[in-house]
*Asks:* 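Input: one structure, supplied below.
Each ligand, and each atom within it, is numbered from 1 in the order the structure gives.
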Amino acid sequence: MAENNGTPIVRQCPDLEALSRAAARDLGADIEAATRTQETYTLALAGGGTPERLYELLAAGTGGPFPWDRIHLFWGDERYVPHDNPKSNARLATRTLVHQVPIPETNVHPIPTQQESPEAAAATYTETLQQHFPDRTATFDTVLLGLGSDGHTASIFPETLDRDADRNRWVRVVTAPPRHDVTTRLTCTLPVLNGARRACVLVAGERKREALRGVLDHEDPSLPATHVQPRDQCLWYVDQAARPGDRGGD
Ligand code: 6PG
C-alpha cells in the first residue's frame, strides 16, 4: 500500500554532507526492513557528482550494516563512454562503492557501454532489467536520482521529455543537449524509474535552486524531474543552498 503515493517528502539539510548522511540512514533502514521479508534488494544508482559522498558513506557502513550479498545494483542512466572513462557513472560508483564493499560481481549490473552501439547497449540493458523485473510497474526497491539545473533527471532532459517514446521502452538512447559534456546517453525511461518503490533525489548547490523550485513548488510539467512519481516514497534530500530557509523555498 503506497504510504504517500509518490508525493514529494523534502528532507531539508544544512549541506551535502548532512543530506548524504540522511539518505544513507534512510536507505539503510529501508534495506533492513525490506530484507526481513524479501531475499534481495534492488538499488538503482545515480550519476553525476552529487551522490559521490553518499556512495562513500555507504561504503563506510553509514546506515548499515548492509547485506551486500543480497543487494543488486543497477544504474538509472549512463553516458555512452567506456566504464574507465572519467565521465562514466559506473566508474564513479565502482571507485567509491562497488570496489569498497563485499558485493558479488554478479550483483552489479552496469549499463553495457562497451557494446558496439548505444542501441545495442539499450537492448541488452532492457533484457537485464526484464530478467529482474517482469513488469515496468514494479522495478527497483530504491532508485537514486539527481537533478540538473535545467530540471533533468537521469538522462531525461526537457528537450527529450517524450512520454510517447517512453511508452513501450525500458531503456532509451538519448542525445543530450550540447551543453552537456557527453551527449550520447542511455537512460531508464520514466515508467521504469517510477516503477521503483522509493525514489531518493539528491540535490545540492545554489545552481539547482530554480529547478528545484520549479519541481517542488510549481510542479512544472516541462521539467522531467516533476514526473518522478515512484510507487511509494519520493524523498528529496536538499541542502540549504538549493532550498533556502525552512519555508521550503521562496
Ligand atoms: C548524469 C546524471 C544526471 C545528474 C544530474 C545532476 O548522468 O549526469 O544521471 O541526471 O544526476 O545532472 O548532476 P550533479 O550531481 O553532477 O549536479
*Asks:* Kindly state whether the ring of F140 and the ring of Y41 have centres lying under 6.0 angstrom apart.
*Replies:*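 No; Y41 has its ring centre 6.0 Å or more from that of F140.
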*Asks:* Among all protein heavy atoms, pick out the one at the shortest distance from atom 11 (O) of ligand 1; state its residue, atom name and that distance to 0.1 Å.
*Replies:*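 Result for atom 11 (O) of ligand 1: G146 CA, 3.4 Å.
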*Asks:* Please confirm whether H132 and F74 have ring centers closer than 6.0 angstrom.
*Replies:*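 Ring centroids of H132 and F74 are less than 6.0 Å from each other.
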*Asks:* Distance alone, cut at 3.5 Å: any donor-acceptor contact between the side chains of R163 and H227?
*Replies:*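 H227 and R163 do have a side-chain donor-acceptor pair below 3.5 Å.
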*Asks:* Could you tell me the residue and atom name of the protein heavy atom closest to atom 12 (O) of ligand 1, and the distance to it rounded to 0.1 Å?
*Replies:*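 Result for atom 12 (O) of ligand 1: H152 NE2, 2.7 Å.
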*Asks:* Write out the residue and atom name of the closest protein heavy atom to atom 16 (O) of ligand 1, then the distance separating them to 0.1 Å.
*Replies:*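 The closest heavy atom on the protein side is G49 N, 2.8 Å.
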*Asks:* If the contact criterion is a heavy-atom separation under 4.0 Å, does H180 count as touching ligand 1?
*Replies:*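 Per 4.0 Å heavy-atom rule, H180 does not contact ligand 1.
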*Asks:* Would you kindly say whether R231 and N194 are connected by a side-chain donor-acceptor distance under 3.5 Å?
*Replies:*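 Their side chains do not contain a donor-acceptor pair, so the 3.5 Å distance test is not met.
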*Asks:* Pairing donors with acceptors under 3.5 angstrom, does anything connect the side chains of S155 and D77?
*Replies:*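 Judged by distance alone, the side chains do pair up.
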*Asks:* Between D77 and ligand 1, which residue portion shows a heavy-atom distance shorter than 4.0 Å: side chain, backbone, both, or neither?
*Replies:*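 The answer is the side chain.
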*Asks:* If you measure from the Lys or Arg side-chain nitrogens to the Asp or Glu carboxylate oxygens, is any gap between D150 and R207 under 4.0 Å?
*Replies:*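 Result for this pair is no, no salt bridge flagged.
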*Asks:* May I ask you to identify the nearest protein heavy atom to atom 13 (O) of ligand 1, giving residue, atom name and distance to one decimal place in Å?
*Replies:*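 I find the closest protein heavy atom is G48 CA, 3.9 Å.
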*Asks:* Counting each atom of ligand 1 from 1 as listed, which ones have a heavy atom of K208 under 4.0 Å away?
*Replies:*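 With K208 as reference, the close atoms of ligand 1 come out as 6 (C), 14 (P), 17 (O).
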*Asks:* Going by distance only, is there an N or O of S155 that falls short of 3.5 Å from an N or O of ligand 1?
*Replies:*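 The answer is no, given that S155 and ligand 1 share no N or O pair closer than 3.5 Å.
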*Asks:* Under 4.0 Å from any heavy atom of R207, which atoms of ligand 1 are there?
*Replies:*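 Answer, ordered by atom number: 17 (O).
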*Asks:* Would you call E56-R95 a salt bridge at under 4.0 Å N-O?
*Replies:*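 So E56 does not pair with R95 through a salt bridge.
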*Asks:* Holding to side-chain hydrogen bond (donor to acceptor under 3.5 Å, both in side chains), I want the full list of residues that pass it with T42, two or more places apart in sequence or in another chain.
*Replies:*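 For T42, the residues satisfying side-chain hydrogen bond (donor to acceptor under 3.5 Å, both in side chains) (neighbours in sequence not counted) are D141.
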*Asks:* My understanding is that we take every heavy atom of each candidate and find the minimum distance to atom 6 (C) of ligand 1. Doing that for L145, L147, T50, which one comes out nearest?
*Replies:*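 Ranked by closest heavy atom to atom 6 (C) of ligand 1, first place is L147.
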*Asks:* Below 4.0 angstrom from a heavy atom of R185, which ligand 1 atoms are there? Numbered from 1 as shown, please.
*Replies:*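 Per the distance check, 1 (C), 7 (O), 8 (O).
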*Asks:* Given E52, R79, E78, which has its nearest heavy atom closest to atom 1 (C) of ligand 1?
*Replies:*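 Nearest heavy atom to atom 1 (C) of ligand 1 lies in R79.
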*Asks:* Determine whether more than 12 heavy atoms belonging to other residues, nucleotides or ligands lie under 6.0 Å from atom CD of E210.
*Replies:*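 Not buried by this count: 12 neighbours or fewer within 6.0 Å.
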*Asks:* From R91 CZ over to H83 NE2, what is the distance, rounded to the nearest 0.5 angstrom?
*Replies:*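 NE2 of H83 is found 12.0 Å from CZ of R91.
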*Asks:* For ligand 1, is any non-hydrogen atom under 4.0 Å from L202's backbone (N, CA, C, O), its side chain (CB onward), both, or neither?
*Replies:*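 It is neither part, as no heavy atom is under 4.0 Å.
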*Asks:* Does any N/O atom on A154 come nearer than 3.5 Å to any N/O atom on ligand 1?
*Replies:*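 Between A154 and ligand 1 (N or O atoms, distance only) the closest approach is under 3.5 Å.
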*Asks:* Under 4.0 Å from a heavy atom of N89: which atoms of ligand 1 are those, numbered in the order shown and with their elements?
*Replies:*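 By the 4.0 Å cutoff, the relevant atoms are 1 (C), 7 (O).
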